[in-house]
Amino acid sequence: MQGSEKAEEQEGRRKERSRNTESGVKPSTITIDGPAASGKSTVGERLARWLGYLYFDTGVMYRAVTWVALKRGVPIENEEAVTALARSLHIDVVPPTVDDGRQYTVLADGEDVTWAIRTPEVDANVSVVSAYPGVREELVRQQRRIAAGGRIVMVGRDIGTVVLPDADLKIYLDATVEERAHRRWKERRERGERVDYEEVLQRMRRRDQIDSTREVSPLRVPPGAAVIDTTRMSVAEVLERVERLIDECDPPEAPPQRARRDEGG
Ligand code: DC
């Protein structure tokens, strides 16, 4: 193609995109994957708020199963028992019910587990639970149902690869393990916990290793995903990049309207 024709075509595409953005035609299903503390939940939540979409952090489902197993004394290494628990547990993610800084409220069989699922004990066991194929099968089925209405930002480890491989926009956030451990360490200190950075770093390395080497749906960059290394970026800078990706994204053919907006926080 001649240079000028190419430039014309690019300009045509740019105008088309900008018409799409102005007319409100935006990617309806957006996935954000990446390792722990790569910025997924902060970016996902703000992006969803900006777009007026549902924000759904799938990690809370694996955490809820883990917490309930620990609480009920179900041995974490008993795959069959943990899988049966995942199948029978009713997990709901609803808009915040308490004004204490939470992004949403997580209910496990009706009990508010929003903060309980963030304890170091859950952190230490959730990678094992999320590696069980039966647990994943059940939770992925529920996640697809929640995403079926579109207008959603869904965050996790396998959303662009397995749960919604045909999403309109797929994003993969990354950062060095040292930077991610530092973010977690800072977060926990700000919550008043006494934490040792080296220990947080060791645990982060271990979780990375389990999440990326497990047999079922290991953490991977989804085909066609935009990769953003957030190591030296502020949240505002990451959001700016994501907004640009949205403007450049080919819009879905017909943006579906969400039927229900009460399924997540
Ligand atoms: O994002 P998080 O730290 O809350 O995730 C908790 C755990 O759940 C983590 O070990 C990875 C796992 N997870 C997963 O396997 N698939 C997802 N879609 C989301 C989380």
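We count ligands from 1, going down the list as the structure has it; atoms in each ligand are counted the same way.
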Please report, to 0.1 Å, the donor-acceptor pairs under 3.5 Å made by any side chain of residues 29-40, with sequence neighbours excluded.
{"unit_1": "Asp33", "atom_1": "OD1", "unit_2": "Arg157", "atom_2": "N", "d": "3.2"}
{"unit_1": "Asp33", "atom_1": "OD1", "unit_2": "Asp158", "atom_2": "N", "d": "3.1"}
{"unit_1": "Asp33", "atom_1": "OD1", "unit_2": "Ile159", "atom_2": "N", "d": "2.8"}
{"unit_1": "Asp33", "atom_1": "OD2", "unit_2": "Ile159", "atom_2": "N", "d": "3.4"}
{"unit_1": "Asp33", "atom_1": "OD2", "unit_2": "Gly160", "atom_2": "N", "d": "2.7"}
{"unit_1": "Ser38", "atom_1": "OG", "unit_2": "Pro35", "atom_2": "O", "d": "2.7"}
{"unit_1": "Lys40", "atom_1": "NZ", "unit_2": "Gly34", "atom_2": "O", "d": "3.1"}
{"unit_1": "Lys40", "atom_1": "NZ", "unit_2": "Pro35", "atom_2": "O", "d": "3.0"}

Quiz item: Is a side-chain N or O of Arg180 found less than 3.5 angstrom from the main chain of Ala175, in a donor-acceptor match?
Solution: yes
Exercise. Can you establish whether the number of heavy atoms outside Arg191 located under 6.0 Å from its atom CZ is more than 12?
Key: yes
Practice problem: Not counting sequence neighbours, which residues clear side chain to side chain donor-acceptor pair (under 3.5 Å) with Glu111? List them please. | Solution: Lys71
Give a table of atom pairs where an N or O of ligand 1 lies under 3.5 Å from a protein N or O.
{"unit_1": "ligand 1", "atom_1": "1 (O)", "unit_2": "Arg157", "atom_2": "NH1", "d": "2.8"}
{"unit_1": "ligand 1", "atom_1": "3 (O)", "unit_2": "Arg63", "atom_2": "NH2", "d": "3.1"}
{"unit_1": "ligand 1", "atom_1": "3 (O)", "unit_2": "Arg157", "atom_2": "NH2", "d": "3.4"}
{"unit_1": "ligand 1", "atom_1": "3 (O)", "unit_2": "Arg207", "atom_2": "NH2", "d": "2.7"}
{"unit_1": "ligand 1", "atom_1": "4 (O)", "unit_2": "Arg63", "atom_2": "NE", "d": "2.7"}
{"unit_1": "ligand 1", "atom_1": "10 (O)", "unit_2": "Ser127", "atom_2": "OG", "d": "3.2"}
{"unit_1": "ligand 1", "atom_1": "10 (O)", "unit_2": "Asp211", "atom_2": "OD1", "d": "3.2"}
{"unit_1": "ligand 1", "atom_1": "10 (O)", "unit_2": "Asp211", "atom_2": "OD2", "d": "3.4"}
{"unit_1": "ligand 1", "atom_1": "15 (O)", "unit_2": "Arg136", "atom_2": "NH1", "d": "2.8"}
{"unit_1": "ligand 1", "atom_1": "15 (O)", "unit_2": "Arg136", "atom_2": "NH2", "d": "3.3"}
{"unit_1": "ligand 1", "atom_1": "15 (O)", "unit_2": "Arg214", "atom_2": "NH1", "d": "2.8"}
{"unit_1": "ligand 1", "atom_1": "15 (O)", "unit_2": "Arg214", "atom_2": "NH2", "d": "3.0"}
{"unit_1": "ligand 1", "atom_1": "16 (N)", "unit_2": "Arg136", "atom_2": "NH2", "d": "3.0"}
{"unit_1": "ligand 1", "atom_1": "18 (N)", "unit_2": "Thr58", "atom_2": "OG1", "d": "3.0"}
{"unit_1": "ligand 1", "atom_1": "18 (N)", "unit_2": "Arg157", "atom_2": "N", "d": "3.2"}
{"unit_1": "ligand 1", "atom_1": "18 (N)", "unit_2": "Asp158", "atom_2": "OD1", "d": "2.8"}

Quiz item: For Arg214 and Ser217, does a side-chain donor sit closer than 3.5 Å to a side-chain acceptor?
Solution: no
Quiz item: Can you list every ring-ring contact (aromatic ring centres under 6.0 Å, His included) pair that touches residues 152-184, not counting sequence neighbours?
Solution: His182-Trp185
